[in-house]
2 protein chains.
Amino acid sequence: MLVTDVNEALPGGSSLLRNEPVQARSSARLTGLLDAAAGIIDEIGFERLTTAMVAERAGASIGTVYRYFPDRIAVVEALAARSIARLLERLGAAIGEADSADWHSALDLAITAQVEMYRSEPGFRAIRFSETETADRSGDADARRSLSDQLTSHLVDIFSLERTADLEFAIEVATEMSTSLVARAFLHDPQGDSRFLDESRVVVAAYLKRIPSA
Amino acid sequence: MLVTDVNEALPGGSSLLRNEPVQARSSARLTGLLDAAAGIIDEIGFERLTTAMVAERAGASIGTVYRYFPDRIAVVEALAARSIARLLERLGAAIGEADSADWHSALDLAITAQVEMYRSEPGFRAIRFSETETADRSGDADARRSLSDQLTSHLVDIFSLERTADLEFAIEVATEMSTSLVARAFLHDPQGDSRFLDESRVVVAAYLKRIPSA
DNA sequence: GGTTACCGAGCGGAACTCGATCATGGGCGA
DNA sequence: TCGCCCATGATCGAGTTCCGCTCGGTAACC
C-alpha cells in the first residue's frame, strides 16, 4: 500500500486536531474516527453527520470524538485533509515511478490519482465541499485549502524549474478543469463515467499544447 | 427587472417547499425568507445560519419558517433553486436579445450570465455547495440538480434542432469547464479574478472549435 | 506514578412541532 | 352592488426534542 502513516498529514499545529496522538492506540482511534466519518458522509452526506454517529460507528464515546476534534466541522475538514494528503502521496509515488515525468504528463497522472481516490476512498467526494467551511476560522490556512488548490501548488512545487507566472496560472487552470471534469464523471456514476474521464485527459492535453512555455 | 415571479421556480411537487403559497402576502413572505437567508449566508456562511436568524431578519416567527421549509437545509436548497432559476431566466433573455444566437455563442452568454449573478445576487456562491445535499433524499430530483447540470440541459433545450449525443456531451463538458472556472474566479476575489474569467471564455471557445458537429 | 486516553451524564442552545389565533377573499343572500 | 360569513390560508411562539460540546472522574500505557 502506498499510504503508511497519513496521520502525520494532520499536524498538531493545525487547529483541525485538538490533541496529537502519542500512543499507538490513539492514532488507531483517530484513523477509526475518520473512517467512520467517511462512511457516514458517503451514506447521508456531511450535513446530516452528527458527532454521536461518528462515535458510535467507531466504537467510541462522544467525549473521545471531542478529545481529537475541536468541533463537528473539524471532523469533516480533517477527513478532507487526510484524503488530499493520500492523493498527493499517490501522485508523488506515481511520478517517482515514471522517472522521465515532465510537468505535462504529471497532470495526466494527477487525473489518474484522482480517479483511484474516487474509486477506493470512501468520502472522497466530500472533499469538493471542503472549501465550504474555509470561510470563517482563519489562522491556520494551509490544511484547509480546496482539492484543486492543493493539487495545483503540489504540481507547481514539483516542477519549479522554469516557474513563471504564466506557467503557474496554466497549471492552475488545467487543474481546475480536470478536477471538475473528474468530479462530474463520478457525480452520477459511482464507477466514474468514462466519457468524462477520457475527455478530461483530452481537454487538459489540448489546453497545455496552447501554452507558450510548454 | 428580468425576474417577475421566480417563486414558480419552486413547485410544490418538490419537497423543497412544504406549502405552496396561495395568497399574495404568502409569496411575499417566501421571497422575504429567501432574501433573508441569502443575506445571512453571505455574511456568516450557510453552516452558521440558524432558522431563528432567518425568521428574525425576515420579520417572521420560527413557526412561519417551518410552514414553508421542511428543515433548515431546505432553506438553503430553495435559495439555490431560486438563484439558478434567475440565472436561467437571465440567460434566456440574453439569448432572446441577441437574435442570431447559435449554441456556440450561447455558451459565452452563459458565462456572462453567471458573472452577473455572482456580482449581483447575494448568496449565489452558496449554490456551488448545493450539490452537497443532493445525495440522499431522492424522489423529487429535478429541483435539486447542480448549477452546471441545469445550465447544461437548459442550453441543450434551447438548441434542440441538431441534437445529437455528441453535441449534448460537448455542451455538458463545456458547461462544466466554464462553471468551474467562473467559480474559481470568484473563490478568492469577490469581484471575480479577470484572468480566470477571460480564460474560461478562451478555453470554451477552443474546446468547441474541436467538436465535429460545430 | 505521571501522562495519555477514554468515558458518559449533563448543560445549553438550536431545530422543529402543534394547537391556538388572526387575515383573506370567494360566495351568497338581501 | 354591496357587505357579512366562514372555510381556508397564514402567522405565531411556547414548548419539546435532539444535538453539539464540556468536564470531572476512571482506566490504560510506559
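- A:Thr179 and A:Ser148 share no donor-acceptor pair across their side chains, judged by distance under 3.5 Å alone.
- Taking atom CG of residue B:Asn19 and atom P of nucleotide C:dT24, one finds them 18 Å apart after rounding to whole Å.
- The aromatic ring centres of A:Phe186 and A:Phe196 sit 6.0 Å or more apart.
- Using a 4.0 Å cut-off, some side-chain N or O of A:Tyr68 falls inside it from OP1 or OP2 of C:dC6.
- Phosphate proximity of C:dC6 to A:Arg29: present, with a side-chain N or O under 4.0 Å from OP1 or OP2.
- A:Thr112 and A:Arg90 share no side-chain donor-acceptor pair at under 3.5 Å.
- For the residue pair A:Arg184 / A:Ser200, no side-chain donor-acceptor distance below 3.5 Å is found, with atom types taken as modelled.
- On the nucleic acid side, DNA chain D contacts chain B at distances under 4.0 Å to non-hydrogen atoms, with the end points of that region at D:dG9 to D:dG13.
- B:Ala60 comes within 4.0 angstrom of the backbone, heavy atoms only, and of no base.
- Rounding to whole angstrom units, CD of residue B:Glu56 and P of C:dA14 are separated by 12 Å.
- When the nearest nucleotides of DNA chain D are assigned to A:Arg25 and B:Gln23 by heavy-atom distance, the more 5′-ward of the two goes with B:Gln23.
- Between the C1' atom of C:dA15 and the CG atom of B:Leu49 lies a distance of 12 Å, rounded to the nearest Å.
- Between A:Leu30 atom CG and C:dT4 atom P the separation is 16 Å, expressed in whole Å.
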Exercise for review: Take A:Arg18 and A:Phe69 through the test side-chain contact (heavy atoms from CB on, under 4.5 Å) and record every step on the way to the result.
Suggested key: CA-CA 5 Å; A:Arg18 239 178 189 168; A:Phe69 305 103; over 6 Å; no
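- Within the 4.0 angstrom heavy-atom criterion, base atoms lie near B:Arg67.
- Residues that satisfy the side chain to side chain donor-acceptor pair (under 3.5 Å) test with B:Glu56, not counting sequence neighbours, are absent from this structure.
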Polar atom pairs between nucleotides 8-10 of chain C and protein, under 3.5 Å, N or O only, would you list them?
from	atom 1	to	atom 2	distance (Å)
C:dG8	N7	A:Gly63	N	3.4

